[in-house]
Amino acid sequence: MMKIQKPMYLIAGGGGRNILSTFHIIAAIVRDVGKEKPTIAYIGVASLSDNWFICLIISGLLRVMCHCQVRRILIAPKNADLDKAKKALELADIVFLSGGDMEAGMKILEEKNMVGFFQELSRKGKLFIGASAGSIMLANEWVNWSNPDDESTAE
């Protein structure tokens, strides 16, 4: 049976409210999975290269707001076990990419040859949620300004 590619949820932020409003949106998406306690694979490459403290905060919010299990997937460290990471990503119900520095996160994913793997997971029907920089990382393309004060530097 062939899996149908699911939509990716790209969440830019709380719409001027607080961080909890973003997690209410994520919780609604997670409820649609239809599992009692789904597993979310947390990818924090954009969050100071898999920073444990940021993961602790975001994972706690995900657990409480989404009634789920969260599994931290380490990709950024030099000694990261990428085979273990890939297996955990395959087993998870949802892949969540956190915010932070999108360019730093993409550099890590490219250096670790994970971009194609993520694309394949998506084609196989894995549900992805990206928040803030994580949403940009899941997009096909994005705009970058070498000088944010000069519109003509957009690429």
Side-chain angles (χ1 to χ4, degrees), residues 3-33 38 40-66 68 70-78 80 82 85-86 88-90 92-155:
K3 297 261 183 173
I4 297 173
Q5 187 169 348
K6 292 187 168 102
M8 285 190 185
Y9 293 92
L10 310 178
I11 303 167
R17 297 170 291 216
N18 63 41
I19 192 170
L20 293 181
S21 60
T22 299
F23 285 90
H24 284 296
I25 295 166
I26 295 169
I29 296 165
V30 171
R31 276 193 302 275
D32 282 346
V33 170
I40 295 178
Y42 172 90
I43 306 294
V45 293
S47 303
L48 301 173
S49 300
D50 287 328
N51 181 274
W52 69 270
F53 186 69
I54 295 170
C55 176
L56 182 70
I57 294 167
I58 302 298
S59 295
L61 286 166
L62 287 169
R63 283 186 187 97
V64 170
M65 301 290 291
C66 302
C68 64
V70 179
R71 180 134 192 231
R72 181 180 181 208
I73 310 299
L74 292 175
I75 296 173
K78 289 182 194 265
L82 297 181
K86 288 177 180 180
L89 288 163
E90 289 173 338
D93 299 301
I94 300 166
V95 176
F96 175 84
L97 276 78
S98 68
D101 182 335
M102 177 274 308
E103 289 182 3
M106 283 306 299
K107 183 178 178 194
I108 291 167
L109 292 179
E110 289 166 353
E111 287 173 354
K112 300 289 184 131
N113 295 315
M114 293 295 287
V115 174
F117 180 75
F118 278 26
Q119 291 168 337
E120 185 60 27
L121 284 178
S122 176
R123 281 191 288 276
K124 290 180 178 177
K126 186 68 64 185
L127 177 62
F128 281 80
I129 300 173
S132 194
S135 69
I136 298 169
M137 292 167 60
L138 290 173
N140 286 328
E141 297 178 3
W142 55 85
V143 178
N144 181 35
W145 289 266
S146 56
N147 178 353
D149 297 322
D150 181 357
E151 290 292 322
S152 69
T153 66
E155 53 183 282

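Counting begins at 1 with the first residue of the sequence. Below, each value reflects all heavy atoms present in this structure, side chains not excepted, and no hydrogens, waters or symmetry copies.
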Lys107: what forms a side-chain contact (heavy atoms from CB on, under 4.5 Å) with it, not counting sequence neighbours? Glu111
For Met65 and Ile26: C-alpha separation, side-chain torsions, deciding distance, then whether side chain to side chain contact (heavy atoms under 4.5 Å, CB included) applies. CA-CA 8 Å; Met65 301 290 291; Ile26 295 169; over 6 Å; no
Taking Ser47 for the side chain and Gly99 for the main chain, is one N or O donor matched with an acceptor at less than 3.5 Å? yes
Which atom of Ala92 lies closest to which atom of Ala41, heavy atoms considered: CB-CB, 3.7 Å
Mind checking side chain to side chain donor-acceptor pair (under 3.5 Å) for Ser122 and listing every partner two or more places apart, or none if nothing turns up? Gln5
Across all chains, not counting sequence neighbours, the side chain to side chain donor-acceptor pair (under 3.5 Å) partners of Ser152 are Asp150
What residues, two or more places apart in sequence or in another chain, satisfy side-chain contact (heavy atoms from CB on, under 4.5 Å) together with Glu151? Trp145
Would you list the pairs meeting salt bridge (Lys or Arg N to Asp or Glu O under 4.0 Å) in which at least one residue belongs to residues 92-105, sequence neighbours left out? Lys35-Asp93
Residues two or more places apart in sequence or in another chain: which of them pass side-chain contact (heavy atoms from CB on, under 4.5 Å) with Ile136? Met102, Trp142
Tell me, do Lys86 and Met114 make a side-chain contact under 4.5 Å, heavy atoms counted? yes
Donor-acceptor pairs under 3.5 angstrom involving side-chain atoms of residues 49-58: please list them, not counting sequence neighbours.
from	atom 1	to	atom 2	distance (Å)
Asp50	OD1	Gly44	N	3.4
Asp50	OD1	Val45	N	3.3
Asp50	OD2	Ile75	N	2.9
Asp50	OD2	Ala76	N	2.7
Asn51	OD1	Phe53	N	2.9
Asn51	OD1	Ile54	N	2.9

Just to verify, what does Tyr42 make a ring pair (Phe, Tyr, Trp, His ring centres under 6.0 Å) with, not counting sequence neighbours? none
Among residues at least two apart in sequence or on other chains, which ones pass side-chain contact (heavy atoms from CB on, under 4.5 Å) with Val115? Met106, Leu109, Glu110, Gln119
Quick one: list whatever passes ring pair (Phe, Tyr, Trp, His ring centres under 6.0 Å) with Phe128, sequence neighbours left out. Phe118
With side chains defined as the heavy atoms from C-beta onward, is the minimum distance between Ser132 and Ile11 less than 4.5 Å? no
Whether the side chain of Arg72 engages the backbone of Ile43 through a donor-acceptor N/O pair (distance < 3.5 Å, no angle test) should be reported. no
Test log, rule side chain to side chain contact (heavy atoms under 4.5 Å, CB included), inputs Leu89 and Leu121: CA-CA 8 Å; Leu89 288 163; Leu121 284 178; 3.8 Å; yes
